[in-house]
Amino acid sequence: MSDQSTGATYAAAGVSIEAGDLAVELMKKWVGKTKRPEVVGGLGGFAGLFDASAFKRYERPLLATATDGVGTKVALAAAMDKHDTIGHDLVGMVVDDLVVCGAEPLFMTDYICVGKVHPERVAQIVKGIAEGCVLAGCALVGGETAEHPGLLGPDEYDVAGAGTGVVEADRLLGPDRVRAGDVVIAMAASGLHSNGYSLVRHVLLNQAGWQLDREVPEFGRTLGEELLEPTRIYSLDCLALARATEIHAFSHVTGGGLAANLARVIPDTLHARLDRGTWTPMPVFQTVAGVGRMETLEIEKTLNMGIGMVAVVPQESVDAVLAILEDRDVEAWILGDIVERAGDYAKADGAALYGAYA
């Protein structure tokens, strides 16, 4: 008869329940900083709770939901052993999708999948998520940390999240509101944000052989520091605009680039004309294009080129929008306009860039 003391254990299989419990304890203080009045209870339950009676002030509340990750940017965080900003990126990717329709982000949940639980590292990831939620005005009501030995290496991980927001039905933004004569306003990005990192890594790390600790004069810092610059979170800025003046649509510039994402909120009968001469892309975009010898259209359909969010507004709202964004320290400018789709535009996509960069 075999000795039961030598039997298989979860720990022997690579999963530590104790490490997971410690990670939860370490993250609690960060999660607590995101709490909104509507949140019921705290961490430790099977589900996060949010008091829906808050919706009574709405005539017809519409719930909005979005989910996303941060792509291969996590590989850079792991390589640099810096884990307290990648959660900030995750929040930005989720909440700024929600706000596009005019929804106020209410709460998020996260999913962190690791090869091995390092409690302090998981807590740092959650710290970034919590700080992002504070910037977005939403609560972090729960999440899951899953340990997957054999599927991921001991230092590998991935993060994903889902968010829920609410918007009054008659305040819903989108293509139905957009009209010919509207003005397109750009809001500056903080950098690459969280899209196109497979391309950036391929060009700079694989093809050019650059190291993450390489000092790049154009960036004023190392390559790794530039690539880990957190995604800008625009949700509170967009909500401030929607509450103060008339907005017809927002577009979150993520995978697919500026023109493709703006086209998603332009009706089939209209076309957005965007002028490249209104801004100069940041050095990181110029560097990727130059080192990779990339054609303009190829890089534009992958990276945000320095514009993270776009507002489509009536002409009479332009001055107010630019003033509000300036007060909120968001660099913004007139990017283009909306016209009837006719002639050459009839064969074009819903949005297109013209001219050369300034």
Side-chain angles (χ1 to χ4, degrees), residues 23-24 26-28 30-36 43 48 64-100 103-115 117-118 120-146 148 152 155-165 189-198 200-201 227-238 252-256 261 303-304 308-309:
V24 171
L26 292 174
M27 70 178 70
K28 279 184 176 179
W30 301 112
V31 175
K33 295 179 183 293
T34 74
K35 193 166 185 177
R36 290 175 50 128
L43 290 183
T65 184
T67 186
D68 213 334
V70 296
T72 59
K73 192 171 184 176
V74 293
L76 299 175
M80 295 183 65
D81 195 24
K82 180 173 174 55
H83 313 282
D84 62 346
T85 61
I86 202 71
H88 181 129
D89 291 294
L90 176 64
V91 175
M93 300 307 292
V94 173
V95 299
D96 286 337
D97 276 355
L98 292 175
V99 82
V100 162
E104 175 190 359
L106 299 175
F107 57 84
M108 275 192 64
T109 56
D110 62 55
Y111 177 77
I112 303 171
C113 180
V114 302
V117 171
H118 301 282
E120 293 79 9
R121 179 181 300 171
V122 172
Q124 285 294 294
I125 297 170
V126 175
K127 172 180 179 287
I129 297 173
E131 291 175 340
C133 284
V134 170
L135 291 175
C138 69
L140 181 60
V141 298
E144 168 73 4
T145 301
H148 289 176
L152 296 173
D155 292 323
E156 293 179 333
Y157 64 88
D158 197 12
V159 295
T164 298
S190 58
L192 293 166
H193 285 186
S194 297
N195 292 103
Y197 275 78
S198 293
V200 173
R201 290 167 55 243
L227 298 186
L228 276 191
E229 178 66 34
T231 300
R232 183 157 201 163
I233 296 175
Y234 302 91
S235 57
L236 292 183
D237 304 312
C238 291
H252 186 198
V253 184
T254 57
N261 280 286
L303 305 180
N304 68 53
M309 182 70 76

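What you see is a predicted model; the values in this text were computed from it and never measured. Sequence positions, counted from 1, serve as the residue numbers for this chain.
For Ser190, the side-chain hydrogen bond (donor to acceptor under 3.5 Å, both in side chains) partners at least two apart in sequence or on another chain are His193. With sequence neighbours excluded, the residues satisfying side-chain hydrogen bond (donor to acceptor under 3.5 Å, both in side chains) with Asp237 are Arg328. Considering only residues two or more places apart in sequence or on other chains, Tyr197 meets the ring-ring contact (aromatic ring centres under 6.0 Å, His included) condition with none of them. For Asn304, there are no side-chain hydrogen bond (donor to acceptor under 3.5 Å, both in side chains) partners at least two apart in sequence or on another chain. Residues passing the side-chain hydrogen bond (donor to acceptor under 3.5 Å, both in side chains) test with Asp84, sequence neighbours excluded: Lys82.
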* To do: For Leu140 and Val91, run side chain to side chain contact (heavy atoms under 4.5 Å, CB included): C-alpha distance rounded to whole Å, both residues' side-chain angles, the deciding distance at 0.1 Å, then the answer.
  => CA-CA 10 Å; Leu140 181 60; Val91 175; over 6 Å; no
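The minimum heavy-atom distance linking His148 with Cys113 is given by the pair ND1-SG, 3.0 Å. Pairing each heavy atom of Pro105 with each of Cys138, the nearest pair is O-CB, 3.5 Å. Among all heavy-atom pairs drawn from Ile233 and Ala136, the shortest one is CG2-CB, 4.0 Å. Heavy atoms only, all atoms of each residue included: Ala146 and Tyr111 are closest at CB-OH, 3.6 Å. Heavy-atom minimum distance, Val95 versus Ser235: CG2-OG, 4.0 Å. Among all heavy-atom pairs drawn from His252 and Gly92, the shortest one is CE1-O, 3.6 Å.
Partner of Ser194 under the side chain to side chain donor-acceptor pair (under 3.5 Å) criterion, chosen from Asp68, Thr254, Asp89: Asp89.
Contacts classified as ring pair (Phe, Tyr, Trp, His ring centres under 6.0 Å) and involving residues 67-91 (residues at least two apart or in different chains) are given here: His83-Tyr157.
Between Ile125 and Thr145 there is no side-chain heavy-atom pair separated by less than 4.5 Å. For the pair Met80 and Leu227, the minimum side-chain heavy-atom distance is 4.5 Å or more. Counting heavy atoms from C-beta outward, Asp81 and Arg121 have side chains that approach closer than 4.5 Å. Between Leu106 and Val141 the shortest side-chain heavy-atom distance does not fall below 4.5 Å. Using a 4.5 Å heavy-atom cutoff, the side chains of Met93 and Asn195 are in contact. Proximity of Asp110 to Val159: side-chain heavy atoms (C-beta onward) are nowhere separated by under 4.5 Å. For the pair Asp155/His118, a side-chain contact is recorded, criterion being any heavy-atom separation below 4.5 Å from C-beta on.
Thr67 places a side-chain N or O within 3.5 Å of a backbone atom of Gly161 that can act as its donor or acceptor partner. At least one donor-acceptor pair under 3.5 Å links the side chain of Thr65 to the backbone N or O of Gly163.
Rounding to the nearest 0.5 angstrom, the gap separating the CG atom in Asp96 from the OG1 atom in Thr231 is 9.0 Å. The NZ atom of Lys127 sits 9.0 Å away from atom OG1 of Thr85, with the distance rounded to the nearest 0.5 Å. The OG1 atom of Thr109 lies 10.5 Å from the CD atom of Glu144; values are rounded to the nearest 0.5 Å. Taken to the nearest 0.5 Å, the NZ atom of Lys73 stands 7.5 Å off from the CD atom of Glu229.
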